[in-house]
Amino acid sequence: MKKILIGLLIATAVSSCDIDRLPYTSMDEENIASNPDAMVTGTYAQLKAWSDPMHRLGEYAGDNMMIRGSSTDAFYEFISYARTPNNYRLQNFWDYGYKAIAQSSNVIKMFAEGQSTEMDNKLGECYYIRGMMYFYLCRAFGKPYYQSPETNLGVPIVNGTPDDVFNDLNLPDRSSVKDTYAQAISDLKKAEALMTLDKGAAYASKGAAQAMLSRIYLYMSGTYKNPNAEYARLSLEYANKVINSGKYVLLAREQFMKYNTFRPEDNKETIFAVKRVASEFSGDDHYYGIGGMYSNIGGMGWGEMYSSAKYIDLLNETGRNDWRPDHYSIVDARAAFIEPTYSKDDKGNYTTVFRFIKQDVPKNAGDPVTLSYVQAPATINGNTVTCKDGDNVYTLTAVNAAQQTYKIAYADGKTYTGMIDYYISLNRAYPQFYIVKCSREGEESQLHSPVISRLGEIYLNRAEANAKLGNYGAALNDLNTIRNRSIVNGGYTSIDAASASKLIDKERQLELAYQAERSYDVFRNGDPLNRTYPGPQKQFEDILPTDFRVTYFIPQDAINSYPGKLTQNPTSN
């Protein structure tokens with residue numbers, strides 16, 4: 001009797017001892033045919049392990065966060081741009097992505113369409129997962145679409161287990177970026193057609209397929225300077241389908257500020273999320289979830305990565321967000337996902353400080369310029385505000401006394417701007433601006449179901465697509481729909497060709513932070529990434545969208561065990 005190896009990791013071709021079988025062993029073909037639910041559930045199961053490295057690749061390479069110092073963990077390469085092919089987290093992203101492709105493909109090959117509405121929906125879910133995986137893999141390992149997609153390499157297209165897995169494993173090399181995107185689009189359109197049931201945001205749906213198509217076409221829509229109108233129109237078309245369906249609702253401001261606490265199935269704005277549950281973690285395992293690096297909650301989590309000064313400045317651009325417990329006032333709703341760790345002295349009191357960022361004096365000639373935080377004890381006496389740093393006492397100049405922002409003429413001859421605040425505890429030299437957007441789902445812990453698509457993104461997709469088509473009035477309406485939700489009466493008064501890229505990019509950064517989108521958003525529009533803020537990263541380096549490090553290397557283990565040629569990405573510009 002023929003055996004089907006469920007979950008065969010085709011395109012990664014890992015060693016035989018690591019081939020996954022679901023459930024747990026090989027299954028008779030007859031048993032599989034009578035139990036398609038197990039196969040589809042197994043396909044979703046691959047997303048759980050995939051979503052962790054997916055987040056780290058996308059978010060750590062951006063400018064929303066910083067880390068307290070260098071690390072021996074493989075994820076530090078994502079932050080430092082020290083790209084190597086020998087990285088186990090990169091390998092996991094590849095492996096579980098292709099496991100999901102393999103398992104979904106096997107379901108698609110084994111079950112015919114038209115048997116029932118329920119079975120067609122299951123097939124649609126598999127097409128969605130497969131298309132999504134090709135897109136996510138291609139945006140990590142392939143260059144941005146506007147850069148010669150016909151010749152740049154994407155990833156191998158291998159749709160299912162070959163009929164003869166022992167004698168027919170000469171698999172194809174990487175397809176072009178263009179062809180990989182085409183495969184993703186084909187799968188997602190098929191998913192859109194087959195799925196008619198809505199089982200909630202923890203499952204793929206017609207809306208999820210349309211949301212992903214809106215994003216993919218946006219990635220294909222060129223840059224603001226050289227847009228591709230055809231793909232911008234298609235992104236707009238699919239954004240309209242999602243928005244006009246009426247199935248999803250933007251949360252009101254107060255609810256949105258608690259977005260991270262809602263389960264996917266209880267959140268009307270979430271279109272699709274990779275569902276996680278507490279029983280999947282035990283004890284200290286929560287340390288190793290996505291949120292565990294961003295915060296420590298109830299003693300759970302490493303809390304070694306914090307919101308970047310750049311992101312904090314964006315949050316404060318319209319007005320100061322005051323996180324002090326006895327002054328708590330949030331201007332931008334997105335600031336509710338940041339929690340500074342204010343500390344008290346031995347008497348149980350907060351220490352008032354003037355916090356600012358200064359430029360360090362290089363220790364040796366030729367050393368790179370760096371920035372660092374200063375938290376100088378401050379005294380407020382009527383309208384006079386002073387602070388003491390070392391032996392120097394400074395009288396501060398008000399920028400906005402009501403918001404307690406001031407300037408300091410510092411001893412190095414430079415003038416810096418900062419704010420009166422309470423002392424925030426340090427990890428090494430960095431104030432701990434905890435990020436909780438990836439924590440507290442349904443409980444006081446690090447539980448988090450990574451969001452793949454939500455309605456807030458779709459409005460921003462439509463805004464960008466309209467701007468690239470020159471429809472600035474429509475773009476402004478959508479941009480302000482999102483902005484006014486977070487900042488009361490904070491909408492922009494106008495947008496045009498000169499300002500569109502800046503305003504839309506800023507709003508995407510504010511809105512989609514810590515959802516693994518930022519670095520890709522920067523590079524796909526032909527912009528450089530700059531991380532000029534305190535942290536161990538190269539603070540004054542512009543990473544150009546044409547830099548070879550924008551793409552990750554194909555994992556070396558995948559190349560070594562691949563049954564066929566698997567071309568590596570270039571190792572220099």
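Among residue pairs with one or both ends in residues 499-535, those qualifying as ring-ring contact (aromatic ring centres under 6.0 Å, His included) are Y294-Y514, Y311-Y514; sequence neighbours excluded.
A heavy-atom distance below 4.5 Å is not found between the side chains of S519 and F78. The side-chain heavy atoms of F433 and E339, taken from C-beta on, include no pair separated by under 4.5 Å. At a threshold of 4.5 Å between non-hydrogen side-chain atoms, the residues V550 and R83 do not count as touching. F553 has its side chain within reach of F548: a pair of non-hydrogen atoms, C-beta onward, lies under 4.5 Å apart. In this structure, the side chains of V374 and I357 stay at 4.5 Å or more apart for every pair of heavy atoms. You'll find the side chain of L153 stays beyond 4.5 Å of the side chain of V177, heavy atoms only. By the 4.5 Å heavy-atom criterion applied to side chains, M305 and M66 are not counted as neighbours.
Of the candidates F135, W94, Y134, W94 is the only one forming a ring pair (Phe, Tyr, Trp, His ring centres under 6.0 Å) with F141.
Between the side chains of K275 and S449, no donor-acceptor pair of N or O atoms lies under 3.5 Å. In the model, Q210 has no side-chain atom that pairs as donor or acceptor with a side-chain atom of Y238 under 3.5 Å. Between the side chains of D322 and Q403, not a single donor N or O lies within less than 3.5 Å of an accepting N or O. D360 and S372 share a side-chain donor-acceptor pair at under 3.5 Å. For the 3.5 Å distance criterion, the side chains of S176 and E150 fail to qualify, holding no donor opposite an acceptor. Side-chain N/O atoms of R324 and Y342 include no donor and acceptor closer than 3.5 Å. K437 and N64 are not linked by any side-chain donor-acceptor pair at a separation below 3.5 angstrom, with hydrogens and angles left out of the test. With no hydrogens or angles considered, no side-chain donor-acceptor pair links Y248 and T270 at under 3.5 Å. Using a 3.5 Å distance cut-off with no hydrogens or angles, the side chains of T180 and R139 do not pair a donor with an acceptor. There is no side-chain donor-acceptor pair under 3.5 Å between Q183 and S175. Counting only N and O atoms by type, the side chains of E304 and N427 include no donor and acceptor under 3.5 Å apart. Using modelled atom types, one finds a donor on one side chain and an acceptor on the other under 3.5 Å when comparing N530 with T532. For the 3.5 Å distance criterion, the side chains of T261 and E441 fail to qualify, holding no donor opposite an acceptor. If you check the side chains of R531 and Q539, you find no donor sitting under 3.5 Å from an acceptor. Defined by atom type and a distance below 3.5 Å, a donor-acceptor pair is present between the side-chain atoms of S425 and T341. With 3.5 Å as the limit, one finds no donor-acceptor pair spanning the side chains of Y288 and Q446.
Looking at E77 and R549, no side-chain N of the basic residue comes within less than 4.0 Å of a carboxylate O on the acidic one, giving no salt bridge. Salt bridge D505/R518: present, at least one basic N to carboxylate O contact under 4.0 Å. Here D52 pairs with R56 in a salt bridge; the nearest charged N to carboxylate O distance falls below 4.0 Å. Ion pairing of E517 with R508 is absent here, as no side-chain N (NZ or NE/NH1/NH2) approaches a carboxylate O to less than 4.0 Å. The existence of a salt bridge linking R454 and E511 is confirmed by a sub-4.0 Å separation between a basic side-chain nitrogen and an acidic carboxylate oxygen. At a threshold of 4.0 Å, the pair D421-R320 counts as salt-bridged, since one of the basic side-chain nitrogens sits closer than that to a carboxylate oxygen. Ion pairing of D313 with K310 is absent here, as no side-chain N (NZ or NE/NH1/NH2) approaches a carboxylate O to less than 4.0 Å. Taking a cutoff of 4.0 Å between a charged side-chain nitrogen and a carboxylate oxygen, E237 and R233 do not qualify as a salt bridge.
Stacking of R524 on the aromatic ring of Y219 is recorded, both the 6.0 Å distance cut-off and the 45° axial limit being met. For the pair R485 and F256, the cation sits on the ring face: its NZ or CZ lies under 6.0 Å from the ring centre, inside 45° of the axis.
By the neighbour-count criterion of 12 heavy atoms within 6.0 Å, atom NZ of K178 is sparsely surrounded, having that number or fewer from other residues, nucleotides or ligands. Around CG of N489, the count of heavy atoms belonging to other residues, nucleotides or ligands within 6.0 Å does not exceed 12. For K538, the NZ atom is loosely surrounded, since the number of other residues' heavy atoms within 6.0 Å does not exceed 12.
Within the model, atoms OH of Y146 and OG of S221 stand 12.5 Å from one another, a figure rounded to the nearest 0.5 Å. How far CE of M132 is from CG of L213: 12.5 Å, rounded to the nearest 0.5 Å. Interatomic distance, Y552 OH to N87 CG, rounded to the nearest 0.5 Å: 9.0 Å. Distance check: S214 OG to L460 CG gives 10.5 Å after rounding to the nearest 0.5 Å. The CD atom of Q537 sits 10.5 Å away from atom OG of S80, with the distance rounded to the nearest 0.5 Å. Residue L251 holds its CG atom at 12.5 Å from CE of M257, rounded to the nearest 0.5 Å.
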Solution key, residues 471-479 side-chain donor-acceptor pairs under 3.5 Å, sequence neighbours excluded:
residue : atom : partner : partner atom : Å
N471    : ND2  : N466    : OD1          : 3.0
D478    : OD1  : R462    : NH2          : 2.9
D478    : OD2  : R462    : NE           : 2.6

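Between Y44 and Y203, the gap from one ring centroid to the other is short of 6.0 Å. When ring centroids are compared, F93 and Y136 stay outside the 6.0 Å threshold. Ring centroids of F75 and Y60 are separated by less than 6.0 Å, placing the two rings close together. Under the 6.0 Å cut-off for aromatic ring centres, F272 and Y128 qualify, their centroids lying closer than that.
In this view, D542 satisfies the salt bridge (Lys or Arg N to Asp or Glu O under 4.0 Å) rule with no residue, not counting sequence neighbours.
Contact between R253 and A333 at its shortest, heavy atoms only, is NH1-N, 3.6 Å. Between A202 and P264, the shortest heavy-atom distance links the atoms N-CB, 4.5 Å. When all heavy atoms of A467 and Y224 are compared, the pair lying nearest together is CB-CE2, 4.2 Å.
Note on ring orientation: taking the six-membered ring where Trp is involved, the planes of F356 and Y416 are parallel (angle under 30°, cut-offs 30° and 60°).
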I'd like to know whether I297 forms a side-chain contact (heavy atoms from CB on, under 4.5 Å) with R440, so could you lay out the CA-CA distance, the side-chain angles of the two residues, the decisive distance to 0.1 Å, and finally the verdict. CA-CA 9 Å; I297 298 174; R440 292 204 179 104; 3.8 Å; yes

